[in-house]
Structure formats: C-alpha cells, structure tokens
Amino acid sequence: QVQLVESGGGLVQPGGSLRISCAASGRTDSTYSMGWFRQAPGKEREFVTRISGSGGVKYYADFVKGRVTISRDNAKNTVYLQMNSLKPEDTAVYYCAARNPVRTAGYDYWGQGTQVTVSS
C-alpha cells in the first residue's frame with residue numbers, strides 16, 4: 001500500500017557530509033512516524049533515528065547524536081537524513097521505514113535501502 005524509496009547515497013570522504021532522502025508513495029499518511037536504520041556487512045540492522053508524523057518529536061541513537069539530523073517535508077511526502085562528520089564505520093546500507101500511528105513499536109513499510117560508503 002505504501003512504497004518507500006531511498007536515494008542520495010554514495011561515496012563520501014571521512015569528515016564529509018551527505019543528505020539522503022526517502023520518498024513515500026501510494027496510500028501515504030503524514031501521521032506515520034518515519035525511521036532510519038542502517039546495516040553494515042556482517043552486522044545486524046540497527047536503529048539510527050526516528051521522527052514523529054508532525055516532525056515535532058525526534059529520537060537519535062547515541063552513536064549519531066550531534067552528527068545526524070532527521071527532518072521531513074509532508075507536502076512532498078519525503079523524509080531526510082542529514083549526516084555530517086561521517087566516519088568509515090558509518091558505511092552501511094541505510095533504510096527508511098514507516099510506522100502506523102496505532103503502533104508503539106515495529107514498522108509497517110520498508111524501503112529498499114541506499115548505500116553510503118565513507119572512504120578516502
């Protein structure tokens with residue numbers, strides 16, 4: 001019912017910045033919370049950040065606090081992840097996900113992911 005498509009990934013040097021996007025289509029709902037996750041080779045998928053439907057409430061994993069900002073533009077059905085001071089250990093596939101407001105945990109829809117590689 002809802003499709004999520006990430007974009008904007010690529011190669012960036014250590015200390016650099018990158019903004020990736022997640023565009024929603026289909027039966028979208030601006031009340032959905034949106035989350036970003038990442039998965040590095042050989043590791044489990046981990047939570048990065050989440051934003052409420054209104055954009056007024058944000059949560060960040062400790063390892064990205066101060067370096068990452070999540071935002072959304074509901075008119076464009078798009079959520080953004082601005083990443084600064086990137087490190088090689090940030091290299092991963094980044095996924096966006098949508099949570100129906102009736103939920104308190106878990107996610108209903110997932111994107112295909114976009115690769116972020118941090119290397120000199």
Side-chain angles (χ1 to χ4, degrees):
Q1 292 182 321
V2 175
Q3 295 80 46
L4 305 175
V5 180
E6 302 93 335
S7 63
L11 177 65
V12 61
Q13 294 185 340
S17 299
L18 196 67
R19 189 181 76 163
I20 57 176
S21 303
C22 174
S25 62
R27 300 179 69 180
T28 57
D29 190 335
S30 63
T31 66
Y32 282 21
S33 293
M34 299 293 297
W36 284 100
F37 294 75
R38 71 183 190 185
Q39 187 168 25
K43 297 183 179 180
E44 295 185 6
R45 188 174 299 183
E46 62 183 348
F47 169 79
V48 177
T49 181
R50 183 173 69 86
I51 188 170
S52 64
S54 68
V57 181
K58 302 174 183 179
Y59 301 89
Y60 295 96
D62 288 341
F63 62 84
V64 297
K65 286 183 178 178
R67 301 191 298 122
V68 168
T69 301
I70 187 171
S71 62
R72 66 190 299 163
D73 185 341
N74 287 340
K76 296 181 178 180
N77 293 320
T78 301
V79 62
Y80 304 94
L81 183 65
Q82 176 69 47
M83 299 181 286
N84 304 314
S85 302
L86 285 165
K87 307 173 182 179
E89 51 263 45
D90 294 320
T91 297
V93 177
Y94 285 73
Y95 300 88
C96 67
R99 173 186 291 176
N100 188 290
V102 303
R103 287 178 172 264
T104 57
Y107 292 85
D108 299 283
Y109 306 100
W110 292 84
Q112 85 292 339
T114 186
Q115 177 71 48
V116 174
T117 302
V118 184
S119 179
S120 298

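Because the structure is predicted, anything quoted here is derived from the model rather than measured. FYI, the numbering just counts along the sequence from 1.
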> For Tyr95 and Gly111, which heavy atoms make the closest approach, and how far apart are they?
Replying inline: CD2-O, 3.6 Å
>> Please check: side-chain N/O of Gln39 versus main-chain N/O of Ala92, any donor-acceptor pairing under 3.5 Å?
In response: no
> If you draw a 6.0 Å radius around CD in Glu44, do more than 12 non-hydrogen atoms from other residues or ligands fall strictly inside?
Replying inline: no
> So do the side chains of Ser119 and Leu11 get within less than 4.5 Å of each other, counting heavy atoms only?
Replying inline: yes
> Roughly how far, to the nearest 0.5 Å, is the CZ atom of Arg38 from the OG1 atom of Thr91?
Replying inline: 9.0 Å
>> For Ser54, is there any backbone N or O sitting under 3.5 Å from a side-chain donor or acceptor partner on Asn74?
In response: no
> Got a second to check how far Lys58's NZ is from Ser33's OG, nearest 0.5 Å?
Replying inline: 13.0 Å
> Are the ring centres of Tyr107 and Phe37 closer than 6.0 Å?
Replying inline: yes
> If we only count heavy atoms from C-beta on, is the Asn84 to Ser17 side-chain gap below 4.5 Å?
Replying inline: yes
>> Which Ile, Leu, Val, Met, Phe, Trp or Tyr residues join Met34 in one cluster when any pair of side-chain heavy atoms under 4.5 Å counts as a link?
In response: Val2, Leu4, Val12, Leu18, Ile20, Tyr32, Trp36, Val48, Ile51, Tyr60, Phe63, Val64, Val68, Ile70, Val79, Leu81, Met83, Leu86, Tyr94, Tyr109, Val116, Val118
> Any chain of hydrophobic side-chain contacts (each under 4.5 Å) joining Val102 to Val57?
Replying inline: no
> Distance-only, no hydrogens or angles: does the Ser85 side chain make a donor-acceptor pair with backbone N or O of Gly15 under 3.5 Å?
Replying inline: no
> Under the salt bridge (Lys or Arg N to Asp or Glu O under 4.0 Å) rule, what pairs show up with a residue in residues 107-120, not counting sequence neighbours?
Replying inline: Arg103-Asp108
> Does any pair with a residue in residues 67-84 pass salt bridge (Lys or Arg N to Asp or Glu O under 4.0 Å), and if so which ones, sequence neighbours excluded?
Replying inline: Arg67-Asp90
